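What follows is a single structure, written as structure tokens, with notes after it.
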Amino acid sequence: MTTITRQDLNFGQVVADILCEFLEVAIHLILYVREVYPSGIFQKRKKYNVPVQMSCHPELNQYIQDTLHCVKPLIEKNDAEKVVVVITDKEHRPVERFVFEISQPPLLSISSDTLLSHVEQLLRAFLLKISVCDAVLINNPPGCSFTVLVHTRDAATRNMEKVQVIKDFPWIVADEQEVHMQEPRLIPLKTMTSDIVKMQLYVEERAQKS
Amino acid sequence: GHTEQANPDQSPAGDKKIILLPCKNPPSRGCVQLWLQARKQYESLQKCGRESRLR
């Protein structure tokens with residue numbers, strides 16, 4: 001057992017790589033399960049040894065990749081408190097929020113050989129929960145879309161600005177309409193605690209969707 | 001006396017909590033539906049072409 005800090009082995013980058021890879025799959029799966037896009041654009045793939053549905057629409061895939069490319073530097077510096085996939089109705093009001101709450105320990109005690117397989121097992125459980133979450137959620141109204149929100153700190157946005165892609169993919173501070181949901185129903189989906197990251201996923205669902 | 005209340009959204013350094021989102025919207029469902037229809041048409045045309053070459 002070795003204790004290392006976040007600075008050692010570029011630890012933040014490793015965590016960001018793992019989380020962004022996971023978030024990409026999770027976003028595709030949420031869009032499929034919640035029927036934001038037609039099921040015909042999704043193809044069955046395997047991730048962490050479980051079947052998942054991934055989009056084959058080039059523009060949508062690029063959008064998700066660009067989004068996570070901008071989020072990655074924030075996770076790397078432990079500046080992303082929450083990453084939220086928001087499903088919005090035709091009037092752009094949120095109907096559901098999939099909240100990924102992330103926290104990273106400042107110090108690590110890891111045994112490297114078991115570390116990655118353990119994290120993979122934990123992330124697999126998240127994907128399984130997402131794939132069956134429609135059973136506990138109310139159907140969404142037709143014509144929904146989605147966006148991704150990041151809860152961070154003002155100073156942390158400087159890290160995002162360093163990323164080249166930001167020039168073609170700018171971000172803005174969300175306004176009240178994009179964030180606020182009246183008396184949401186809270187559905188906890190999964191919590192994980194590992195040596196490198198703690199994460200919980202819950203859904204906030206609007207009581208009256210239509 | 002007056003005591004200043006701590007704002008939970010602000011760190012001691014005044015680093016305010018914010019929520020960010022991309023300016024750009026993802027492709028609309030309608031757009032994606034059109035793409036899907038066009039792809040299906042293209043695939044069926046390719047299939048027809050292959051079958052006619054085999055005959």
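Here the structure is a predicted model, which is why all the values come from computation and not from measurement. Naming convention: chains lettered A, B, ... in sequence-line order (proteins, then strands); numbering from 1 in each chain.
More than 12 heavy atoms of other shown residues, nucleotides or ligands fall within 6.0 angstrom of atom OH in A/Tyr48. Within 6.0 Å of CD in A/Glu91 there are more than 12 heavy atoms belonging to other residues, nucleotides or ligands. Annotation: A/Lys129, atom NZ; neighbour count of heavy atoms from other residues, nucleotides and ligands within 6.0 Å does not exceed 12. Applying the 6.0 Å contact sphere to CD of A/Glu183 captures no more than 12 heavy atoms from other residues, nucleotides or ligands. The local environment of CD in A/Gln182 is sparse, with at most 12 non-hydrogen atoms from other residues, nucleotides or ligands closer than 6.0 Å. Shown here is A/Glu35, whose CD atom has no more than 12 heavy atoms of other residues, nucleotides or ligands within 6.0 Å.
A donor-acceptor pair under 3.5 Å is formed between the side chain of B/Asp15 and the backbone N or O of A/Ala155. Between the side chain of A/Tyr37 and the backbone N or O of B/Gln33 there is no donor-acceptor pair closer than 3.5 Å. Remark: the backbone N or O of A/Cys144 is not paired with any side-chain donor or acceptor of B/Arg29 at under 3.5 angstrom.
A distance of 9.0 Å separates CG in B/Leu20 from CG in A/Leu149, rounded to the nearest 0.5 Å. The line from CD1 of B/Ile18 to CD1 of A/Ile172 is 11.5 Å long, rounded to the nearest 0.5 Å. Atom NZ of B/Lys17 is separated from atom CG of A/Asp154 by 13.0 Å, given to the nearest 0.5 angstrom. One distance of note links OG of B/Ser28 with CD of A/Glu59; it measures 8.5 Å at 0.5 Å rounding. Of the inter-residue distances, the one linking A/Phe146 atom CZ with B/Asn25 atom CG reads 9.5 Å to the nearest 0.5 angstrom.
When A/Val84, A/Val148, A/Asp175 are compared by the number of non-hydrogen pairs under 4.5 Å with chain B, A/Val148 comes out ahead.
Between A/Tyr63 and B/Pro22, the shortest heavy-atom distance links the atoms OH-CG, 3.7 Å. Nearest heavy atoms, B/Trp35 versus A/Cys56: CH2-O, 3.4 Å.
Heavy-atom distances place the side chain of B/Leu36, and not its backbone, under 4.5 Å from chain A. In this structure, no portion of A/Gln62 lies under 4.5 Å from any heavy atom of chain B.
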